[in-house]
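Heads up, the thing below is written out as structure tokens.
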Amino acid sequence: MKIYQNILSSKAKEKKLLCILIDPDKSSVRTVEKIAVMAEDAGVDYFFIGGSLITNDTMKKCISVMKETSAIPVIIFPGNTMQINPDADAILFLSLISGRNAEMLIGKHVIAAPYLRRTSLEIIPTGYILVDSGHPTAASYMSNTLPIPYYKDDIAVCTAMAGEMLGLKMIYIDAGSGAGKPVSISMIEQVKKNISVPLIIGGGIDSPVKAKKIYQAGADMIVVGNAVEKDPALIPQLAHARNI
Ligand code: 1GP
């Protein structure tokens, strides 16, 4: 439980965390290498790797490039069971609690469990909540679930509370990769007031200003994918935004 313990101890010290998401489908090996070097220099806390739909076979290669280029822990953010890879350090064992698709709540987990048991991946049970950001995202389409409406803070709060009561160790609220706008500040504030496990926010965070506001609203960790893939120079500015 090394990574989770580090996340907990950062939260206790109010030290905000930055996570860069690498989607192997969107980034060439060269880009991954560049991002990993810049992330290492900027003191990024974690890498997530995964995607709603991965059509090439570069997951293993990406992990090895990230590990050769930096010492930042690599956490799998799986879109499906095929993305489990024993070379990473940990996996978010995501239950899609905003949806009502039994496969995403428990079905895939049953299939993955015996395989995960044979790896040394640290398993971090995480309540995953998708929030509507104005248009369908790959995550909502591929998971065959309805995201929580953008303005329904109360539904997000009750969903996050239920996830924590079920024993999930983190809550990850995601507007979806490439979302037109991130999760609202008021939703983050309301959820934060009602849970005590670490709160992760991702989707559509494309500037240090937005990142800072989201940290100030209560996110313990933010996840940035698209913006960094487009412009790796954002990495040091995002890292700086952790100092709220
Ligand atoms: C998606 O939260 C992540 O699941 C990251 O989203 O690519 O929009 O930064 P972006």
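Indexing begins at 1, ligand by ligand and atom by atom, following the structure's order.
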[X] neighbourhood, listing ligand 1 atoms whose heavy-atom distance to it stays under 4.0 Å:
X: Phe77; result: 4 (O)
X: Asp174; result: 1 (C), 2 (O), 3 (C), 4 (O)
X: Gly204; result: 8 (O), 10 (P)
X: Val224; result: 9 (O)
X: Gly225; result: 5 (C), 7 (O), 9 (O), 10 (P)
X: Gly202; result: 2 (O)

Legend entry - Proximity flag Gly203 to ligand 1, non-hydrogen atoms under 4.0 Å: yes
Legend entry - Any Tyr172 heavy atom less than 4.0 Å to ligand 1: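 Per 4.0 Å heavy-atom rule, Tyr172 contacts ligand 1.
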Legend entry - Shortest protein heavy-atom distance from atom 7 (O) of ligand 1, along with the residue and atom involved: Asn226 ND2, 2.7 Å
Legend entry - Any donor-acceptor N or O pair under 3.5 Å, side chains Ser196, Glu164: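 A pair is found: one side chain offers a donor N or O, the other an acceptor, under 3.5 Å apart.
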Legend entry - Under 3.5 Å side-chain donor-acceptor pair for Asn101 and Ser143: no
Legend entry - Aromatic ring pairing His109/Phe93, orientation class (parallel under 30°, perpendicular over 60°, tilted between):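 If you compare the ring of His109 with that of Phe93, the planes turn out perpendicular.
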Legend entry - Criterion side-chain hydrogen bond (donor to acceptor under 3.5 Å, both in side chains) on Lys34 and Thr69, from CA distance to verdict: CA-CA 9 Å; Lys34 184 173 179 189; Thr69 324; over 6 Å; no
Inset, instruction - Hydrophobic side-chain clustering at under 4.5 Å (ILVMFWY, transitive links): who's grouped with Val209? Put none if nobody. - result: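 Val209 shares its hydrophobic cluster with no other residue.
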Legend entry - Within 45° cone of Tyr150 ring axis and under 6.0 Å: Lys181 NZ or CZ: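 Yes, Lys181 and Tyr150 form such a contact.
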Legend entry - Polar contact flag for Leu21 and ligand 1 (N/O pairs, less than 3.5 Å):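 No, since none of the N or O atoms of Leu21 sits under 3.5 Å from an N or O of ligand 1.
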Inset, instruction - Could you tell me whether some N/O pair between Gly178 and ligand 1 is separated by less than 3.5 angstrom? - result: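 The answer is yes, given that Gly178 and ligand 1 share an N or O pair closer than 3.5 Å.
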Inset, instruction - Answer yes or no: is there an ion pair linking Asp87 with Lys60, defined by an N-O contact shorter than 4.0 Å? - result: yes
Inset, instruction - Answer yes or no: are there more than 12 heavy-atom neighbours, outside Lys192 itself, under 6.0 Å from its atom NZ? - result: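 Buried by this count: over 12 neighbours within 6.0 Å.
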